[in-house]
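First comes the structure, then the notes that go with it.
From a predicted model like this one, the values you see are computed outputs, not experimental measurements.
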Amino acid sequence: MNGIWGGMLLIGIAYGVMSGEVEAVSDALISSGREAVALCVTMSGVMALWSGLMEIAKDAGLMAAIVRRLRPVMRFLFPDIPEEHAAMEQITTNCVANVLGLGSAATVYGLRAMEALEELEEERRKSVYLHEPGADLKEKSANRNRRTQRNRQTQQAYSTALCPVPRGTASNEMCNFLILNISSLQLIPVSVIAWRSQYGSVNPTAIVGPGIAATAVSTGVAVVFCKLMDRK
């Protein structure tokens, strides 16, 4: 992406210089830089507001209640993730933030979800290691007492799980989560409304109806695609 955007920028500047519009290019660079800073300030405020509200909701127990209510849906979408694993909570929080249209504020929880999924994959690798031939001797030599109660419980939960992927490779859950995150249903696209308001839209909230329709279709397609790929 850096190469694509950098190339477009250089091509535009070169064309402006060759066509004798150097002054127009300079004015565009200055005005665009000013608009970019103003937009960043506006979106930073929106992101800070909704991120703070999400943290308040978590501390008040509201997010935990929502996670419990959405558990059947999450189990359908991610059947191989243990219900009590941290990855499930982070994924659900990210989905809730996306449905509310928080945009950038949901990115934080998306990154945490990916980290939790990587931890899940590492635990699966350890579970497979413990079932390898001669693993008992290896485990005794590594001091079995260092294993915590949580690891012993997750080993049992992962006994029927999918084989872990090599390190540095996205797992099946990671791919599914990324697809659902990108195509997520949005009831109130807060970020888009803020952008439209920043650029002088007469009715910034007019995007709500079309946004719900478009994201509902994209989410439905994403779920079907993920389930078809899971079968393979």
Side-chain angles (χ1 to χ4, degrees), residues 1-57 90-91 93-115 117-118 168-170 174-226:
M1 290 300 295
N2 290 338
I4 294 175
W5 286 107
M8 292 172 62
L9 181 61
L10 292 176
I11 292 173
I13 294 175
Y15 178 80
V17 172
M18 289 186 295
S19 61
E21 298 292 341
V22 179
E23 184 176 353
V25 172
S26 301
D27 292 341
L29 290 174
I30 295 174
S31 61
S32 297
R34 186 187 307 114
E35 290 181 7
V37 172
L39 180 61
C40 287
V41 172
T42 300
M43 298 311 299
S44 295
V46 174
M47 182 177 177
L49 170 64
W50 287 104
S51 295
L53 290 176
M54 290 291 291
E55 291 299 324
I56 292 173
Q90 298 298 340
I91 290 174
T93 305
N94 172 266
C95 291
V96 171
N98 272 324
V99 169
L100 295 177
L102 304 188
S104 299
T107 303
V108 177
Y109 303 103
L111 294 175
R112 292 177 184 174
M114 281 297 187
E115 292 176 354
L117 289 173
E118 176 56 32
T169 303
M174 288 180 181
C175 295
N176 288 350
F177 171 63
L178 181 61
I179 294 171
L180 293 172
N181 182 71
I182 294 173
S183 62
S184 176
L185 171 68
Q186 291 190 7
L187 299 180
I188 307 175
V190 176
S191 298
V192 178
I193 292 174
W195 290 335
R196 287 168 59 84
S197 177
Q198 174 70 20
Y199 287 102
S201 174
V202 177
N203 186 8
T205 59
I207 194 65
V208 172
I212 292 176
T215 54
V217 172
S218 64
T219 301
V221 173
V223 171
V224 172
F225 175 79
C226 289

Legend entry - Within-4.5 Å side-chain heavy-atom neighbours: I193 and V208: yes

Legend entry - Minimum-distance pair of heavy atoms, taken over all atoms of N98 and Q186: O-CG, 3.2 Å

Legend entry - Heavy-atom donor-acceptor pair, S197 side chain to P204 backbone, under 3.5 Å: no

Inset, instruction - Write down the atom of T219, the atom of S184, and the distance for their closest heavy-atom approach. - result: OG1-C, 3.3 Å

Inset, instruction - Could you tell me which non-hydrogen atom of M114 sits nearest to which non-hydrogen atom of M174, and how far apart they are? - result: CE-O, 3.5 Å

Legend entry - Over all atoms of both residues, closest heavy-atom pair of I179 and A222: CG2-CB, 3.7 Å

Legend entry - From CA spacing to verdict: side chain to side chain donor-acceptor pair (under 3.5 Å), T205, N203: CA-CA 6 Å; T205 59; N203 186 8; 3.1 Å; yes

Inset, instruction - Find the distance between CG (L10) and CE (M8) and round it off to the nearest 0.5 Å. - result: 11.5 Å

Legend entry - From CD1 (I182) to OG1 (T215), nearest 0.5 Å: 14.0 Å

Legend entry - Side chain proximity check, V96 to Y109, heavy atoms < 4.5 angstrom: no

